[in-house]
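Report on one structure; see the data block that follows.
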Amino acid sequence: MNKDNSFSETESQKTEYLPKVRAIYQAVFELLEEGADLNSLTVSEITRKAGIGKGTAYEYFSDKEEMIGKAICYNVEVFCQKIYEGTEKEETLHDKINYVLLAMERQVPDANCIFRLVHVISTNSVTSRRFREVVEQQRLFGEMPVVSVIKRILGDVLKDREPLSEEKEAYIVMSIYSRILGYGMLLNERIFKQPEERASMRALVCRGICKEVEEIDIL
């Protein structure tokens with residue numbers, strides 16, 4: 001399995017890191033944390049939160065959907081980058097996945113950004129179609145950051161083994177992706193607010209992923 005360079009910066013991505021653009025991204029993130037609805041959120045609310053003029057925002061974005069879509073994508077990418085860097089300190093697949101899940105627990109609002117993005121690009125509303133266009137234009141360094149993190153973790157763990165076939169890699173990435181997203185959704189359930197319940201479910205998810213990877217790797 002080849003490791004990709006999904007998180008390397010390119011010329012086309014430099015705009016993402018301009019101070020005023022990052023202020024807008026941070027403002028969108030904070031508004032979502034506060035419970036703002038994506039469809040009713042306005043440019044005026046975002047720019048007020050960011051501390052910049054409304055006209056300034058249109059120097060960098062064509063419309064509200066582009067502003068919010070790119071903000072969500074940016075925050076997801078930054079969150080995933082930090083998670084991957086943390087997994088590099090862990091040795092086994094179990095410990096790496098456990099680190100990912102613990103990071104999601106510690107930063108539930110950040111994790112929720114991922115689920116917002118998934119929801120936005122999977123629904124059929126007019127607004128969501130525009131969001132999907134933004135995501136497609138961004139291509140998020142080639143693929144969804146969550147998928148990139150999973151591939152890089154697998155690449156680190158399986159680097160001394162025969163590369164997985166394209167079909168096996170696609171299957172196991174899809175499986176891990178769905179388990180991680182499922183776990184993230186459970187974090188908002190009342191029963192999993194307690195550390196003991198989270199720990200039990202986290203252990204089950206880690207064991208399930210490790211077992212499936214081991215089975216697919218030896219088939």
Side-chain angles (χ1 to χ4, degrees), residues 1-4 6-7 25 29-30 32-35 71-122 135 140-161 164 168-218:
M1 179 177 297
N2 295 323
K3 297 174 71 172
D4 59 50
S6 298
F7 296 110
Y25 291 164
F29 180 69
E30 290 176 2
L32 292 179
E33 276 189 306
E34 294 168 7
I72 295 176
C73 293
Y74 173 79
N75 282 294
V76 169
E77 187 270 322
V78 170
F79 177 59
C80 289
Q81 169 69 1
K82 290 179 180 177
I83 286 183
Y84 176 72
E85 290 172 354
T87 66
E88 291 184 296
K89 303 171 186 176
E90 307 295 339
E91 294 294 329
T92 66
L93 177 61
H94 180 283
D95 290 344
K96 288 177 183 290
I97 296 299
N98 188 63
Y99 180 92
V100 171
L101 302 182
L102 279 171
M104 293 171 64
E105 290 180 22
R106 290 192 296 266
Q107 303 176 67
V108 172
D110 296 50
N112 282 341
C113 237
I114 295 175
F115 308 130
R116 293 262 190 145
L117 178 59
V118 171
H119 175 72
V120 161
I121 63 177
S122 62
V135 173
L140 292 175
F141 303 100
E143 60 191 349
M144 284 283 289
V146 182
V147 172
S148 180
V149 168
I150 293 170
K151 286 185 176 181
R152 296 180 76 179
I153 288 174
L154 287 172
D156 292 341
V157 173
L158 304 178
K159 60 185 176 183
D160 296 325
R161 306 189 194 184
L164 294 175
K168 286 183 178 180
E169 179 180 342
Y171 170 80
I172 202 62
V173 169
M174 176 187 67
S175 178
I176 296 174
Y177 178 74
S178 63
R179 289 172 188 258
I180 289 175
L181 287 184
Y183 185 75
M185 287 186 283
L186 287 177
L187 293 179
N188 291 312
E189 297 293 329
R190 183 181 299 274
I191 188 175
F192 293 108
K193 296 294 183 182
Q194 299 301 318
E196 296 80 7
E197 282 73 16
R198 286 185 176 183
S200 296
M201 179 58 69
R202 189 171 65 249
L204 288 173
V205 173
C206 289
R207 286 203 299 271
I209 288 175
C210 290
K211 181 179 179 181
E212 191 160 26
V213 170
E214 189 63 31
E215 288 177 349
I216 201 74
D217 189 36
I218 63 178

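Just so it is clear, the values below take in all heavy atoms, side chains as well, and ignore hydrogens, waters and symmetry mates.
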Heavy-atom distance under 4.5 Å between the side chains of [X] and [Y], does that happen here?
| X | Y | answer |
| --- | --- | --- |
| Glu197 | Met201 | no |
| Leu181 | Tyr177 | yes |
| Arg179 | Ser175 | yes |
| Ile180 | Met104 | yes |

*Quick one: do Glu214 and Arg207 satisfy salt bridge (charged side-chain N to carboxylate O under 4.0 Å, His left out)? Show the steps, please.*
CA-CA 11 Å; Glu214 189 63 31; Arg207 286 203 299 271; over 6 Å; no
Separation of [Y] [atom2] from [X] [atom1] (nearest 0.5 Å):
| X | Y | atom1 | atom2 | value |
| --- | --- | --- | --- | --- |
| Tyr171 | Ile176 | OH | CD1 | 10.0 Å |
| Ile172 | Glu212 | CD1 | CD | 4.5 Å |
| Met174 | Glu169 | CE | CD | 12.5 Å |
| Glu90 | Asp156 | CD | CG | 12.0 Å |

*Would you mind telling me which of Asn98, Ile97, Leu101 makes a side-chain contact (heavy atoms from CB on, under 4.5 Å) with Ile209?*
Ile97
*Verify whether one side chain among Glu105 and Tyr183 offers a donor that lies under 3.5 Å from an acceptor in the other.*
yes
*Any idea which heavy atoms bring Asn75 and Phe29 closest together, and the distance?*
ND2-CB, 3.5 Å
*Nearest heavy-atom neighbours spanning Leu164 and Lys168*: CB-CB, 4.3 Å
_For a side chain to side chain donor-acceptor pair (under 3.5 Å) check, start with the C-alpha distance between Glu85 and Gln81, then their side-chain angles and the critical distance, and finish with the verdict._
CA-CA 6 Å; Glu85 290 172 354; Gln81 169 69 1; 2.8 Å; yes
*Inspect the surroundings of CD in Glu91 and state if more than 12 heavy atoms from other residues, nucleotides or ligands are less than 6.0 Å away.*
no
*List the steps and the verdict of side-chain contact (heavy atoms from CB on, under 4.5 Å) for Lys96 and Val100.*
CA-CA 6 Å; Lys96 288 177 183 290; Val100 171; 5.8 Å; no
*Lys/Arg cation over aromatic Phe79: Arg106, 6.0 Å, 45° cone*: no
